[in-house]
Amino acid sequence: MQNPDVFSGTCTIRFLSRHGQFREAFALYVQMRRSGLCLSTFAVSSALKACARIVNKMGGMSIHAQVHKYGFCGVVYVQTALVDFYSKLGNMETARKVFDDMVEKNVVSWNSILFGYLKSGDLALAESVFDQMPKKDVISWNSMISGYGRARNMEQACSLFRQMPERNSASWNAMISGYVDCGKIELARTFFEAMPQRNNISVITMISGYSKCGDVDSACKLFDQMGEKDLFLFNAMIACYAQNSRPKEAFQLFNKMLQPNVNIQPDKMTLASVLSACSQLGDLGFGTWIESYMNQLGISMDDHLATALIDLYAKCGSIDKAYELFHGLQKKDLVAYTAMILGCGINGRANDAIKLFEEMMDAQIYPNLVTFTGLLTAYNHVGLVEEGYQCFTSMRKHGLLPSADHYGIMVDLLGRAGRLEEAYELIKSMPMQPHAGVWGALLLACRVHNNVEFGEIAAKHCFELEPDTSGYCSLLANIYASVGRYPSWCRPCWMMSKVNLLENVQSFFFFEFQNKFYCFWEGQ
DNA sequence: TCTGTTGGTT
């Protein structure tokens with residue numbers, strides 16, 4: 001663009017900022033300033049809004065300096081934009097300072113500082129601002145309601161919702177979102193049904209709520225009911241499939257979105273979910289296609305996308321490529337570290353996993369349950385029993401209660417090391433119901449060590465929990481065969497003669513367990 | 001001109 005005059009430049013910045021083109025708005029502002037043009041309060045407030053949205057800390061602070069230089073510091077729109085900028089950055093000290101210096105404050109100024117306190121989680125200060133406000137509009141009420149929602153205080157949210165003089169869709173959506181965050185999907189649905197005017201945001205919030213509680217069918221139903229579907233709706237549904245271990249359906253929907261009759265261009269959010277689906281399928285090829293597709297669309301890599309790719313490469317065994325991406329991250333967060341630790345764990349690089357964990361702790365990033373799944377997997381893979389046990393018991397020191405999956409890994413670790421009795425005792429000590437994976441780990445270990453005593457116990461539980469999985473039968477059969485024994489409740493099957501004709505099959509047994517019939521055979 | 005409710009990664 002040629003150097004614009006003040007008027008057209010200002011208009012363009014306002015237009016760009018109002019239409020979500022924040023980077024372009026800020027770039028134009030910089031261009032105008034560099035060409036020595038006199039800046040208007042309109043250009044400054046729009047540029048500040050842009051900096052707040054793209055979290056351009058340095059950009060916003062340099063505009064703040066220029067505000068003094070140009071003598072704009074008494075203009076309410078500019079000051080409000082500054083309060084909003086610092087609030088969005090989480091710098092509440094400066095936001096408050098600018099706010100307190102304002103001679104004239106409008107409702108937007110009050111809403112901006114209110115938002116800041118709510119965002120930083122300071123509910124007490126937010127409440128005091130809310131109470132002091134000379135005038136409240138629907139945005140003030142909505143902000144306070146969503147603040148209570150995020151703090152899981154739906155009683156207060158509900159009380160405000162009842163008191164508010166006027167409500168719009170955002171008020172209802174804030175209530176729905178609050179109930180979703182509290183895991184109260186039924187109550188969220190009640191508000192969803194009761195609201196006079198539902199919009200896409202209401203539907204997206206419900207879909208994400210159903211996704212979080214694993215109710216994919218209800219999410220799908222809502223999605224299908226929508227006539228015009230936008231990018232956000234597709235993203236919510238694709239994410240729902242990816243988050244609920246249904247990667248194939250995530251792909252199908254992604255594909256549908258690209259069809260000429262729908263023709264919606266995916267964005268970073270879409271691709272992050274699709275990459276997660278690739279990772280679940282172990283489809284490295286599709287993942288690298290996504291990388292080139294990103295270049296084609298001009299979508300730049302961000303840390304979220306890079307983390308999804310790290311997970312994909314690591315799970316597919318390309319640890320070096322994963323490390324490369326990991327080192328290139330702007331900011332290494334818990335999820336990124338966890339993806340790397342899991343990747344190293346799966347690939348038997350226990351030392352690397354431990355090193356990453358220590359590095360993470362040094363950076364004061366605290367582990368969660370998934371991080372420990374990665375670490376325990378690492379110890380398990382290389383058979384470091386004592387270290388694994390220590391790691392498992394250290395979870396409580398980090399304020400984490402091991403899940404059934406963590407117990408499962410420990411059972412596997414102890415079991416493979418031949419410590420079958422300890423593994424069994426660990427299962428008995430579980431505070432929750434062990435799932436088939438836990439008993440399956442013990443059964444597998446019994447097969448490795450040919451132990452009938454615990455093998456029978458484990459198999460019985462596996463049969464009960466997953467009667468349709470045939471693998472457990474053959475494991476047990478192999479345990480019996482290895483010691484030349486058959487269970488008391490096992491009797492020869494009439495099919496034996498037929499089966500004996502099959503190659504590689506010596507004998508075939510059919511047994512009854514709790515009114516269900518099972519069969520197993522012994523290979524040559 | 002400045003403010004709120006929605007979708008992503010382990």
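Below, chains carry the letters A, B, ... as their sequence lines are ordered, and counting in each starts from 1. Just so you know, these numbers come straight off a predicted model, no measurement behind them.
In summary, the aromatic rings of A:Phe223 and A:Phe234 are positioned with their centroids under 6.0 Å apart.
Residue A:Arg53 is classed as a sugar-phosphate contact, given heavy-atom separations below 4.0 Å to backbone atoms only. Across all strands, A:Asn199 comes closer than 4.0 Å to no nucleic acid atom at all (heavy-atom distances). Using a 4.0 Å heavy-atom criterion, one finds that A:Asn200 contacts no nucleic acid atom at all. Using a 4.0 Å heavy-atom distance criterion, A:Tyr77 is classed as a base contact. At the heavy-atom level, A:Lys268 lies under 4.0 Å from base atoms of the strands shown. Residue A:Lys88 is in sugar-phosphate contact alone, with no base atom involved, counting any heavy-atom pair closer than 4.0 Å across all strands shown. Here A:Thr205 lies in heavy-atom contact (under 4.0 Å) with sugar-phosphate atoms only. Among the heavy atoms of the strands lying under 4.0 Å from A:Lys315 are primed sugar atoms or P, OP1, OP2 only; no base atom is included.
When the side chain to side chain contact (heavy atoms under 4.5 Å, CB included) test is applied to A:Lys212, the partners found at least two apart in sequence or on another chain are A:Val180, A:Asp181, A:Ser208. Partners of A:Thr270 under the side chain to side chain donor-acceptor pair (under 3.5 Å) rule, at least two apart in sequence or in another chain, are A:Asn235, A:Asp267.
Bracketed by its first and final contacts, the part of DNA chain B lying under 4.0 Å from non-hydrogen atoms of chain A reaches from B:dT1 to B:dT10 in 5' to 3' order.
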Verdict with reasoning, A:Ile409 to A:Thr373, per side chain to side chain contact (heavy atoms under 4.5 Å, CB included): CA-CA 8 Å; A:Ile409 302 171; A:Thr373 301; 4.0 Å; yes
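Shown here is A:Gln132, whose CD atom has more than 12 heavy atoms of other residues, nucleotides or ligands within 6.0 Å.
In this structure a side-chain-to-backbone donor-acceptor pair under 3.5 Å is missing from A:Ser276 to A:Ala272. In this structure, the side chain of A:Ser177 does not engage the main chain of A:Ala174 through any donor-acceptor pair within 3.5 Å.
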Got a list of side-chain donor-acceptor pairs under 3.5 Å for residues 397-404 of chain A, not counting sequence neighbours?
{"residue": "A:His398", "atom": "ND1", "partner": "A:Ser394", "partner atom": "O", "Å": "3.2"}
{"residue": "A:Ser403", "atom": "OG", "partner": "A:Asp405", "partner atom": "N", "Å": "3.2"}
{"residue": "A:Ser403", "atom": "OG", "partner": "A:His406", "partner atom": "ND1", "Å": "2.9"}

Would you give me the side-chain donor-acceptor pairs under 3.5 Å for residues 320-333 of chain A, sequence neighbours excluded?
{"residue": "A:Asp333", "atom": "OD1", "partner": "A:Val335", "partner atom": "N", "Å": "3.3"}
{"residue": "A:Asp333", "atom": "OD1", "partner": "A:Ala336", "partner atom": "N", "Å": "2.9"}

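Of the residues in residues 214-246 of chain A, those placing a heavy atom less than 4.0 Å from an atom of DNA chain B are A:Leu231, A:Phe232, A:Asn235, A:Ala239, A:Gln243, in numerical order.
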